Number of protein chains: 2
Amino acid sequence: MASRIESLCIEKGLKMTGQRRIIASTISEAEDHPDVEEIYKRAAKNDANISIATVYRTVRMLEEAGIIEKHDFGDGKARYEESSEEHHDHLINIKNGQIIEFHNDEIERLQEEVAKKLGYKLIGHRLELYAVPLKE
Amino acid sequence: MASRIESLCIEKGLKMTGQRRIIASTISEAEDHPDVEEIYKRAAKNDANISIATVYRTVRMLEEAGIIEKHDFGDGKARYEESSEEHHDHLINIKNGQIIEFHNDEIERLQEEVAKKLGYKLIGHRLELYAVPLKE
DNA sequence: TTAGCTGCAAACCCTTTGCTGCGTA
DNA sequence: TACGCAGCAAAGGGTTTGCAGCTAA
């Protein structure tokens, strides 16, 4: 059966090539937030012929389609994850780079409120918490 | 009298060169969040001999000294502003790129709380609101 | 005097793109 | 078949760096 990503490609009249299938499922299976280099390495395990240019083109396409999300955690390279139903923000453990997802309705609400008070309509936001473990 | 930045350079045993003085006061006088190219252009009005490499080296030095703050609003280039007493976050008007500073104690408190609940001690954060004007 | 700084240009890193041949629909 | 796509390598944008001469302390 066609995966979620395949259905979306068909819907948009895009060709479902082997490379796209592999790159898409690589991101889908990732439980972390891999950068392009990492996606490329993982995808290459399934098809050594994929080029990094194709990975760049594919993640851009998937991002524009809203299928995956792009993040920038300040290390100069883009990281990706599959879009989820529930919006979430990220806490980055600065000791080891581990990323924890969280969601807080109250913060979300306050953001809308802040924007409104300043005379703006909130379209999006970026919230990252940089932290260290309380104890080892 | 020596400016705040000059005092800090002396304190750290750094040389206070003409270029550093100019770059520092350029950032100090800025009321926006200029990128390196922009700082370079403004500084060049006072001394046409400054090179962009020196601007890069100086902003890095000032940032490491905690004198200025580096931001990345997602357009691929670093932006700088003088560190202020009061911490603040940024709302970016995505219609025109204008940046508005704001501060919200409640959001700050909730961030600490979120981190603590996840077993972390909050060290820093990044919060940006992307928004459009409510009406023109 | 001398350690540290500057300017220049080359190098770097991540990302995008032009071109040509290939594969999906 | 035909148009979109892939691979390759070159180019692009922001940033860093090696080197040789210069300058603040």
Side-chain angles (χ1 to χ4, degrees), chain A residues 2-3 5-27 33-41 43-44 46-65 67-80, chain B residues 2-3 5-24 26-27 33-41 43-44 46-65 67-80 97:
Chain A
S3 71
I5 295 178
E6 285 193 48
S7 319
L8 277 156
C9 283
I10 293 162
E11 216 170 89
K12 293 189 160 255
L14 301 166
K15 288 189 179 169
M16 182 38 69
T17 62
Q19 290 90 332
R20 284 186 182 167
R21 241 187 291 268
I22 289 172
I23 294 167
S25 74
T26 299
I27 298 172
H33 300 72
D35 58 31
V36 169
E37 186 69 33
E38 186 59 34
I39 295 168
Y40 170 60
K41 278 187 202 156
N46 292 317
D47 177 353
N49 285 348
I50 288 180
S51 79
I52 198 153
T54 297
V55 179
Y56 273 106
R57 280 192 271 239
T58 304
V59 293
R60 194 179 356 165
M61 177 202 87
L62 295 174
E63 195 214 341
E64 283 168 358
I67 299 167
I68 66 176
E69 279 172 26
K70 182 180 188 173
H71 297 291
D72 161 21
F73 296 141
D75 58 357
K77 36 191 181 174
R79 296 169 173 282
Y80 295 89
Chain B
S3 71
I5 295 177
E6 284 194 47
S7 319
L8 278 156
C9 282
I10 293 162
E11 215 170 272
K12 293 187 160 258
L14 301 167
K15 287 189 181 171
M16 181 41 66
T17 63
Q19 291 91 329
R20 284 184 182 169
R21 240 187 291 267
I22 289 172
I23 294 167
T26 299
I27 298 172
H33 300 71
D35 58 31
V36 169
E37 186 70 33
E38 186 60 33
I39 295 168
Y40 171 59
K41 278 187 202 154
N46 291 317
D47 177 353
N49 285 347
I50 289 179
S51 79
I52 198 154
T54 297
V55 178
Y56 272 107
R57 280 191 272 237
T58 304
V59 293
R60 188 165 20 151
M61 177 201 90
L62 294 174
E63 195 214 343
E64 283 169 358
I67 299 168
I68 66 177
E69 279 172 26
K70 182 180 187 174
H71 298 292
D72 161 20
F73 296 139
D75 58 357
K77 36 192 181 174
R79 295 167 174 282
Y80 295 89

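Residue numbering restarts at 1 for every chain, and letters A, B, ... go by the order of the sequence lines. All figures in this text were calculated on a predicted structure; none of them were measured in a lab.
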Does B:Met16 offer a backbone N or O that forms a donor-acceptor pair with the side chain of B:Arg21 under 3.5 Å?
yes
What distance separates B:Ile27 CD1 from B:Thr58 OG1, expressed to the nearest 0.5 Å?
8.0 Å
Looking across every strand, which nucleic acid part, if any, lies under 4.0 Å from B:Asn49 by heavy atom: base, sugar-phosphate, or nothing?
sugar-phosphate
How does protein reach along nucleotides 16-25 of chain D, written 5' to 3' as B (base within reach of a heavy atom under 4.0 Å), S (only sugar-phosphate), or - (no contact)?
BBB----BBS
If you assign each of B:Lys77 and A:Asp47 to its closest nucleotide in DNA chain D, which residue comes earlier from the 5' end?
A:Asp47
What verdict does the side chain to side chain contact (heavy atoms under 4.5 Å, CB included) test give for B:Ile22 and B:Gln19, after you've listed the backbone C-alpha separation in whole Å, the side-chain angles of each residue and the deciding distance to 0.1 Å?
CA-CA 5 Å; B:Ile22 289 172; B:Gln19 291 91 329; 5.9 Å; no
How long is the line joining CG of A:Asp72 and C1' of D:dG14, in whole Å?
13 Å
B:Tyr80 atom OH is separated from D:dT15 atom C1', nearest whole Å, by 9 Å
Can you tell me how far C1' of C:dT6 sits from CZ of B:Arg20, to the nearest Å?
10 Å
Between P on D:dG4 and CE on A:Met61, what's the gap in Å once rounded to a whole number?
15 Å
State the NZ-CD1 distance between A:Lys41 and A:Ile52, to the nearest 0.5 angstrom.
9.0 Å
Just the rounded figure in Å: distance from P of C:dC14 to OH of A:Tyr40.
14 Å
What is the distance from atom OH of B:Tyr56 to atom CD1 of B:Ile39, rounded to the nearest 0.5 Å?
9.5 Å
To the nearest 0.5 angstrom, please state how far the CG atom of A:Asn46 sits from the OG1 atom of A:Thr26.
5.5 Å
Give a yes/no on whether any side-chain N or O of B:Gln19 is located under 4.0 angstrom from OP1 or OP2 of C:dG7.
yes
Is A:Thr54 close enough to D:dG7 that one of its side-chain N or O atoms is under 4.0 Å from OP1 or OP2 there?
yes
